[in-house]
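A short write-up of the structure that comes next.
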Number of protein chains: 2
Amino acid sequence: MPKQWYNIAADLPTPMQPPIGPDGKPITPDMLAPVFPMNLIEQEVSRERWIDIPEEILELLSIWHPTPLVRATRLEKFLKTPAHIYYKDESVSPAGSHKPNTAIPQAWYNKQFGIKKLTTETGAGQWGCALSFACNLIGLECKVFMVRISFDQKPYRKTMMQVWGGNCVASPSNETQAGRDILRRMPNTPGSLGIAISEAIEAAVSDKSGETRYSLGSVLNHVILHQTIIGLEAKKQLKMAGVKKPDIVIGCAGGGSNFAGISFPFVNDKIHGENIEIIPIESSTCPKMTKGPFTYDFGDIAKMTPLLPMFTLGHSFVPPPIHAGGLRYHGMAPLVSQCIVEGLIKPRAYNQLKCYESALTWARTEGSICAPETSHAIACVIEEANRAREEGKEKVILFSYSGHGLLDLAGYDKYLSGKLTDVTLPDSELCDSLKAIKDLPKAERKKTGKW
Amino acid sequence: MPKQWYNIAADLPTPMQPPIGPDGKPITPDMLAPVFPMNLIEQEVSRERWIDIPEEILELLSIWHPTPLVRATRLEKFLKTPAHIYYKDESVSPAGSHKPNTAIPQAWYNKQFGIKKLTTETGAGQWGCALSFACNLIGLECKVFMVRISFDQKPYRKTMMQVWGGNCVASPSNETQAGRDILRRMPNTPGSLGIAISEAIEAAVSDKSGETRYSLGSVLNHVILHQTIIGLEAKKQLKMAGVKKPDIVIGCAGGGSNFAGISFPFVNDKIHGENIEIIPIESSTCPKMTKGPFTYDFGDIAKMTPLLPMFTLGHSFVPPPIHAGGLRYHGMAPLVSQCIVEGLIKPRAYNQLKCYESALTWARTEGSICAPETSHAIACVIEEANRAREEGKEKVILFSYSGHGLLDLAGYDKYLSGKLTDVTLPDSELCDSLKAIKDLPKAERKKTGKW
């Protein structure tokens, strides 16, 4: 297991643009203090390349780490590809995904700082489970606002959180001002991560005791920092398997933490001259990386977060109710966005039918049932493995098997019974949503140089 | 990984009594040929101590084997026990339980024998998933009759089987004579493994092509043989961890294959003089080991199986609809039953509320969510760990973590919301069911010497 996390902010060719407030001025650490504990804020703004992982966190992560790096030989054989396909199996964590990689450190740093309770949002439920799991191990209360559509599609996610002592409600809820406002305007909304984030932040900052903080499962720099354990381990493990370097690195990307986790140590190699193709995969129903502008935008619908420089579909965008709930976030992590701007990584968008087809091919060759989010990565892996066959090249493909789909079988059921369709995103909907960004200060939009 | 399975029939102090037909005469291998392929029948009747695992099976098992042996240090700490608790994690298989340990060999031997399709029954769904998974990998069709109560409680088990190409129907079904008969007499029956076995055997032997066979997930000698990989691996792994021998070995027991799998290599040590306490745990709603007689009985309600010498509640016993569907079988494997008769192992029965409480303690210390069946073993582990604390003894406890509970969250939900109750089995129900055995030839009952 690595003893340090990797911070790509130290290596990016162009320094990151800071988060800014509604007044257009950079956010200072103090301004984030009601939301996050100071030790995590320090990580958020750090430019140190390597950050030590505290011993106690290492011990907790070792419950399921190092996660296996496995070669998908039966899929290779099925595809008759000369490519070597390796996957980093993050589904083996008790919560079933890569999410506890950051849930454990976040809960630990909050506990160190004297915090008693964390609030958060969750899309597909993976993050809510991960934080409930971590809070239980470390001894914190946990409150989860779960996007309504996923709450309904995956009722047992709530049970799972309860098993670990977490308290989960559907969002928008009546428990916050933000939730009540949305419910009044859109009583039948499927919800969105943007809405749930607004509720979770409000619930944290409105606790007068000062002992509650908010925790985010993706997007932010410190979250991505914690997730680099995936790629750092994979790099060591590939070496142990006699592989010098991967030719292609793939990860699905909702807020960006899974993708960044597997890929950033390799993006670093690319910055230093290695030839590696690095591909984040998004859902075509929430195509911020492939169709959104790169600009300053809010992370949530109620504009409670700072403005972040990112690819975005607008903070009021409510994506269609696809089964890959974790890919329904309107924006992409600033660090990942910056890598796109630099040309270090090249995003692609896939629709859900293609992805379920790939998930079935996976289950019937490799055996395991993947999360709908993960199926997006697998769709790309199959595409690239087929290309390698056509080109007759023995490429090494590495991807993050970010989570299992055992709590997501409703989607498989729908697919298998022919009831699943592809959702086409009307351009008008996208335009409406992007208008929300145009209200933001023009100077700030110009700063990003892309929109 | 072990290269051979261990056959306890070679070591039992008293030779096993043979299965017999309704005429009271021992069954010959030929008579089983319409139901099983001859290569598995040979394993069923073998008295060889060690049986080689074919190379191809080893390769397929290596998808998830060797399974981890883990020390439950956080549970130990929570219980303040001097005991060292080790668990063999069989939940890591793609199907989520120990069941693929025998599903893979069974599918493989059938394929070798030229069979094209397997039929089977499943209780909680673990076995149906395992066989669908194995048939898919090996290239056989798979048809699963799933006990109605579990089919309704766990709808996504069916989806999981479908993902692997399996075809699952609720039992009793209208697809067999046995099913139709039961439905006429008991239209609202929750079903039972005994009923589902009748249907699956009928579906196999009535296929005129001769290319269909039946596959059983527990009870039989060859199934138990395949499962000894659990205990054989655990033994090696304990040695690697510096543990000479366990003091206590625990497994939950429905038909007996999980329990036998973890324990038989240690029962062998006990036969040869080691001091080890070995405990199979059953549900108090289906207490064949602790309340049933040891006698010849049928394995299914329609009397399609041979008569087997076993602890039984009567082949027509339909247990209450508890959540641990895998523990709802009326009989106990003849090999396990014989070990009870010999005094080598000492069964216990637990109720489901105690078991869910233990499962919650487990999830909140060790992190993972166990199957309701597995929670029975954990309840005993906690009891023994507490006893070790009271006695001040540093005992080594080993148990089989037979499966995860991610498809069983409905039971947890009911428990957490206070809606779960303990089901008390009326003595009258038991007596009625035992009458069915009394109809069997008296001479055969006497042979077992226990009833």
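Chain letters run A, B, ... following the sequence lines, proteins first and then strands; every chain starts at 1.
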Separation between CG of B:Leu406 and SG of A:Cys129, rounded to the nearest 0.5 Å: 9.0 Å

Reported CG-to-CG distance for the pair B:Leu407 and A:Leu407, which is rounded to 0.5 angstrom: 8.0 Å

Spacing of A:Met160 atom CE and B:Ile369 atom CD1 [to the nearest 0.5 Å]: 4.5 Å

Largest heavy-atom contact set with chain B, pairs under 4.5 Å, which of A:Val70, A:Leu137, A:Val163: A:Val163

Over all atoms of both residues, closest heavy-atom pair of B:Pro94 and A:Gly367: CB-O, 3.6 Å

Which portion of B:Ala410 sits near chain A, non-hydrogen atoms under 4.5 angstrom: both

Would you enumerate the inter-chain donor-acceptor pairs between chain B and chain A whose distance is below 3.5 Å?
unit_1, atom_1, unit_2, atom_2, d
B:Asn136, ND2, A:Arg364, O, 3.1
B:Gln162, O, A:Arg364, NH2, 2.9
B:Val163, O, A:Arg364, NE, 2.6
B:Val163, O, A:Arg364, NH2, 3.2
B:Trp164, NE1, A:Ala363, O, 3.2
B:Trp164, NE1, A:Gly367, O, 2.8
B:Ala363, O, A:Trp164, NE1, 3.2
B:Arg364, O, A:Asn136, ND2, 3.1
B:Arg364, NE, A:Val163, O, 2.6
B:Arg364, NH2, A:Gln162, O, 2.9
B:Arg364, NH2, A:Val163, O, 3.2
B:Gly367, O, A:Trp164, NE1, 2.8

Residue A:Ala359 versus chain B: region with a heavy atom under 4.5 Å: neither

